[in-house]
Amino acid sequence: MSWHVSVYVTLKPSVLDPQGATVQRALNQMGYQAVQGVRMGKFTELEFDGQLAESDVKKQANEICDKLLANPNIESYRFTVEKK
Amino acid sequence: MSWHVSVYVTLKPSVLDPQGATVQRALNQMGYQAVQGVRMGKFTELEFDGQLAESDVKKQANEICDKLLANPNIESYRFTVEKK
Amino acid sequence: MTSSTHSAGSTSSPRASSGQVMDAEVTPQVIKEHGLKPDEYGRICEVLGRKPNITELGLYSVMWSEHCGYKHSRALLKTLPTQGPKVLQGPGENAGIMDIGEGWAVAFKVESHNHPSAIEPYQGAATGVGGILRDIFTMGARPIASLNSLRFGPLTDPTVQRLFAGVVRGIADYGNCMGIPTVAGEVVFDESYTENCLVNAMSVGLVRHEHIIKGRASGAGNPVIYIGATTGRDGIHGATFASTEITDESTEKRSAVQVADPFMEKLLMEATLELIHSGLLVGIQDMGAAGLTCSTCEMASRGGAGIEIDVAKVPQREKGMTPYEILLSESQERMLLVAKPGCEQKVHDVLAKWDLHAATIGFVTDTGRMVVKENGKVVADVPADSLAEAPVYHPAKSEPAILKKHREFDEASVPVPKDPGEILEKLISDPTIASKRWVYRQYDHMVRSNTLVRPGSDAAVLRVKGTPIGLAMTIDGLGSYCALDPYEGAKIVVAEAARNIACSGAEPIGMTDCLNFGSPEKPEVFYCFDRVIAGLGDACRAFQIPITGGNVSLYNENPSGAIDPTPIVGMIGLFADVSAAVTQWFKNDGDFIYLLGNIGDSIGGSRYLQVAHGKKTGRCPKLDLEPEHKLHQVLKAMADARLLQSAHDCSDGGFAVALAECCMTGGTHEAKTLGARVELPGQGRVDARLFGEAQSRVIVSCEAAASAQIEALAGKFGVPCAKIGQVGGGTLVIGGEINVPVTRLADLFFNRIEKLMASPFQNS
Amino acid sequence: MKFAVTVFPGSNCDHDCEYVIRDVMGQPVEMIWHKETDLKSPDCVVVPGGFSYGDYLRTGAIARFSPVMKSVADFAAKGGLVIGICNGFQILCEAGLLPGVLIRNKSLQFICENVYIKVEQAGTPFTSACQPGQVLKIPIAHGEGNYFIDPEGLKKLKGNGQVVARYCDEKGNVTSEANPNGSLDNIAGVCNPKRNVFGLMPHPDRSGEDALGSHDGQFIWKSIISSMAAAK
Ligand SMILES: Nc1ncnc2c1ncn2[C@@H]1O[C@H](COP(=O)(O)OP(=O)(O)O)[C@@H](O)[C@H]1O
Ligand SMILES: [Mg+2]
């Protein structure tokens with residue numbers, strides 16, 4: 001058993017998302033006119049030692065997001081924790 | 001109101017993930033020894049016209065993932081649909 | 001900056017209040033928050049004949065800010081030499097342009113992106129590259145190469161490592177995606193930049209004479225068209241930070257950081273060049289610092305015209321933007337153009353081909369005024385000239401006391417080291433001296449297949465396809481010399497750049513510069529600024545190299561004080577026939593080695609004094625302009641006569657380091673080594689002769705058969721020239737002092753930065 | 001022999017391909033904008049390097065939906081020669097014209113430098129002018145050149161002789177030190193089973209002249225030209 005943390009990193013709403021805009025244009029050109037917006041983000045899965053207490057996992061995950069996975073200048077993040 | 005589709009694209013387990021491996025090494029070096037695995041994926045948010053039927057949204061989202069958002073050789077995907 | 005040498009940069013930002021509320025009252029507090037002094041406000045009222053509204057106040061605050069208005073530097077910049085027979089476009093446009101023959105011209109300019117890079121290294125550096133590229137293609141020139149000059153704190157610091165990695169990656173990703181080779185640069189690590197890194201980017205373009213176009217609006221009634229990315233709230237001069245009206249929630253949603261979109265810029269570049277080359281435009285200007293405000297008022301002012309726009313027609317990325325925000329936004333990858341009468345449809349056709357959106361947002365007038373409407377209602381109406389002409393200041397100056405101390409430093413107090421070989425190894429592994437392969441390996445420096453001399457030699461060399469012409473280019477700075485003696489240091493920066501060009505076999509023809517300093521309101525800083533400009537000007541006059549433009553970045557301050565005064569010089573050299581190009585590396589066993597110039601006897605200001613003895617002091621090396629100029633000329637003559645196998649100047653680390661560098665052929669994955677055996681000329685301190693940084697010295701090698709001609713040419717130009725040894729073997733032997741295997745030196749030299757950067761975190 | 005070079009938004013080695021084919025190899029070449037479907041009856045189609053669509057999402061992922069790619073696929077199906085270089089290789093993989101995928105370099109860094117590759121199959125139309133095992137000096141410039149395919153696929157590739165070039169050292173030794181990007185089995189270039197579609201990460205378009213540091217790229221162009229001549 002180990003802790004499975006899913007981290008979702010997204011660009012803050014006001015920040016330009018060149019990738020998302022390009023993908024949206026491509027989808028519209030491919031005929032998917034109903035697609036009105038695309039935002040690209042990152043999805044990271046972290047595996048933690050199952051021995052840790054849930055609160056520790058959360059604490060560490062928070063730190064890891066702040067320090068490494070998300071750029072606080074332009075991105076926000078959220079995560080979920082599950083035991084698997 | 002529009003349809004909000006969240007797409008999660010992940011690398012298949014057998015595929016090498018150089019970025020995930022590097023992040024894991026970095027985390028271990030930073031003192032997060034409990035992190036035993038890291039896999040990097042993509043998180044894409046699609047906004048669909050609210051007029052569409054849910055079944056159409058799902059059908060289109062499926063196609064979009066198959067054709068564009070995921071490379072079936074190395075990636076798998078799943079998505080959720082919500083009205084917001 | 002119609003009248004100044006330098007155009008808009010973007011380092012410091014005036015603190016402006018948010019324009020959330022259009023009709024916000026213009027109180028003394030609001031004026032202060034906009035960084036405007038009471039008498040400046042008075043001048044605005046005088047110009048307008050009334051009080052400005054908040055939008056107008058915003059316009060003046062950005063255009064009269066230091067980085068757009070050059071308030072503190074303009075008077076001094078006017079003293080720089082800008083004329084020359086090859087100059088087609090001097091200062092005042094987006095980039096300078098010089099004739100290179102056969103109907104071709106070269107456009108080039110350097111710009112700083114220090115402040116944005118410090119906040120957000122990746123995006124800051126990337127958008128810096130984007131900005132300077134726009135300056136080039138806005139002139140009708142196709143960018144052919146980029147260069148960069150970077151300064152950070154000591155590389156052993158993990159924070160610095162992360163900053164360095166982010167900046168390099170930002171530069172790489174942008175240039176690589178655009179398909180413009182990044183061919184040269186420099187990187188310095190020094191305490192002085194610990195809290196204030198410097199990121200200066202330079203770009204070079206080629207243009208046919210008949211395609212040169214300017215940032216001018218003319219022809220009343222001509223449409224003013226906006227193209228490129230949509231306008232968002234990003235980069236509105238610190239507005240988000242200064243505003244009291246912004247709640248926590250909105251701060252969370254907002255970001256002053258501009259995100260780079262090199263793909264958009266690539267489309268913009270191709271479309272822009274197609275528009276210009278098809279003759280559809282009257283004028284064009286990119287939106288850089290101060291965005292739409294700067295591009296409209298400058299185009300109007302340069303063209304002696306007026307412009308009227310309606311902000312409601314500007315493509316917007318966010319809802320509810322005020323005219324204030326739209327006008328001041330610094331969203332990237334946008335251009336403003338004025339089409340010729342009857343060409344509007346053709347313009348739209350070209351843009352459609354590139355999937356770019358365009359919006360006609362206004363038209364040219366003959367009123368000389370910049371009129372801004374929102375859905376037809378006037379929100380700002382000011383004379384365009386008045387925005388483009390900021391007030392001029394003559395700040396106080398006084399010599400920093402420390403300069404005298406440096407001059408009086410007693411070199412005799414420094415012990416002469418026992419093992420010079422060990423010192424050489426130490427110097428070769430100093431991150432400032434060590435190979436920057438880790439950096440330029442990340443840059444596509446070959447795309448467009450013109451790069452004949454890649455990064456690693458004194459200057460990069462590119463060919464101009466379809467002609468025998470070639471261009472050499474380099475970028476150099478020497479903050480540590482300028483910190484000891486700003487005048488002499490500035491002369492040396494120019495000399496070093498020109499010498500790098502000359503070593504490659506080209507003739508230096510033009511220069512651009514970026515002046516990175518602390519606060520001009522400090523008399524000690526301004527004293528240095530003044531002396532640096534004097535030094536740059538004197539050197540350029542002596543070498544007959546005009547300055548065709550540049551950039552000023554002030555207020556670069558550490559908590560512990562200002563950064564070293566750091567003028568950065570970008571220089572272009574011309575080959576009539578590029579097959580004369582020379583690299584710095586020894587080529588063949590048995591070739592003769594010569595030292596051009598004199599060996600020197602001082603260790604003042606040297607990297608050696610810093611690295612081996614921990615002292616950043618002493619007398620800055622002296623530079624005599626005449627002999628230096630002769631040296632450049634003789635190098636070119638030797639290259640033209642195809643006499644040289646290699647040429648490399650002595651700079652950081654002096655004679656011994658220069659020799660070591662000649663032994664280690666650079667480039668990537670093809671590092672080769674070749675030893676040498678030379679004598680150590682001169683008398684006196686061994687360390688001064690080996691590692692001192694006396695100026696005007698170059699190490700050349702030639703085939704034995706060429707030696708008589710080498711000596712004859714040196715004699716003809718009056719350049720000291722001594723045969724000091726021969727190429728060959730596997731070791732570098734210098735007199736009785738140094739004897740090191742070259743493979744060992746190469747291992748230290750090429751891998752030092754790589755090793756420091758090996759931590760996985762830098763790369764994720 | 002007539003070449004067609006496709007041009008996508010964000011292509012940036014299109015000019016290098018045009019230059020080496022026309023000015024160095026002396027062959028006619030047409031540039032085909034991605035919105036076009038008429039390839040103008042070429043003998044060989046070149047899908048050039050660069051950053052089509054900014055490499056956003058995944059390299060080559062968006063470009064493969066361009067109208068011109070349908071024509072390229074038809075052309076290939078009829079046996080026409082198609083070479084994809086760098087980003088072109090990535091596009092051909094995404095389009096399913098070549099097996100496998102190119103993922104991020106192991107170092108996570110973009111790498112621009114000269115490397116050596118060993119010609120493993122001299123029997124293809126793209127390598128016929130090379131000696132078997134010949135070592136070519138040729139530059140790479142990519143951030144995503146790490147070739148990957150599942151074990152099943154790799155077995156097939158090898159069995160069919162579809163591994164055309166592998167990274168090696170100057171002497172031709174295929175070692176892990178000589179592998180610049182982590183590619184599986186040092187793979188630098190592969191072809192389809194019919195051998196008329198070829199993808200290569202290194203740039204023969206940047207190595208056609210000694211002035212640029214190597215002329216070894218000419219072997220690839222010469223192979224194509226002579227095999228097209230032979231086919232006529
Ligand atoms: N940031 C960089 N980008 C590209 N090339 C670089 C960079 N830094 C250094 N180089 C290259 O490394 C070589 C050595 O640089 P440097 O020591 O500054 O040379 P010099 O002392 O001759 O000016 C030069 O060819 C230079 O262009
Ligand atoms: Mg030099």
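Letters A, B, ... are given to chains in the order of the sequence lines, protein chains preceding strands, and every chain is numbered from 1.
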Inset, instruction - Start with the C-alpha distance between A:Asp49 and B:Gln36, add both sets of side-chain angles, then the distance that settles side chain to side chain contact (heavy atoms under 4.5 Å, CB included), and finish with yes or no. - result: CA-CA 6 Å; A:Asp49 184 344; B:Gln36 296 169 336; 3.6 Å; yes
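- Interface remark: of the candidates A:Leu27, A:Leu69, A:Leu52, A:Leu27 forms the most heavy-atom pairs closer than 4.5 Å to chain B.
- Only the side chain of B:Leu68 comes within less than 4.5 Å of a heavy atom in chain A; its backbone stays farther off.
- Open room surrounds NZ on A:Lys59; 12 or fewer heavy atoms of other groups in view lie less than 6.0 Å from it.
- Using a 4.5 Å cut-off on side-chain heavy atoms (C-beta onward), B:Lys67 and A:Tyr32 make contact.
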Inset, instruction - Decide side chain to side chain contact (heavy atoms under 4.5 Å, CB included) for B:Ile64 and A:Val35; before the verdict, give the C-alpha distance in whole Å, the side-chain angles of both, and the deciding distance to 0.1 Å. - result: CA-CA 10 Å; B:Ile64 287 172; A:Val35 177; 3.9 Å; yes
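- Counting heavy atoms from C-beta outward, B:Glu45 and A:Thr10 have side chains that approach closer than 4.5 Å.
- Contact annotation: the side chain of B:Val9 never approaches that of A:Phe43 to less than 4.5 Å [non-hydrogen atoms, C-beta and beyond].
- No side-chain heavy atom of B:Val23 sits less than 4.5 Å from a side-chain heavy atom of A:Thr44.
- Residue A:Ser6: no heavy atom, backbone or side chain, is found under 4.5 Å from chain B.
- Interface summary for chain B: among A:Gln33, A:Gln60, A:His4, the most heavy-atom pairs under 4.5 angstrom belong to A:Gln60.
- With respect to chain A, the highest number of heavy-atom pairs below 4.5 Å among B:Ser2, B:Gly37, B:Gly20 belongs to B:Gly37.
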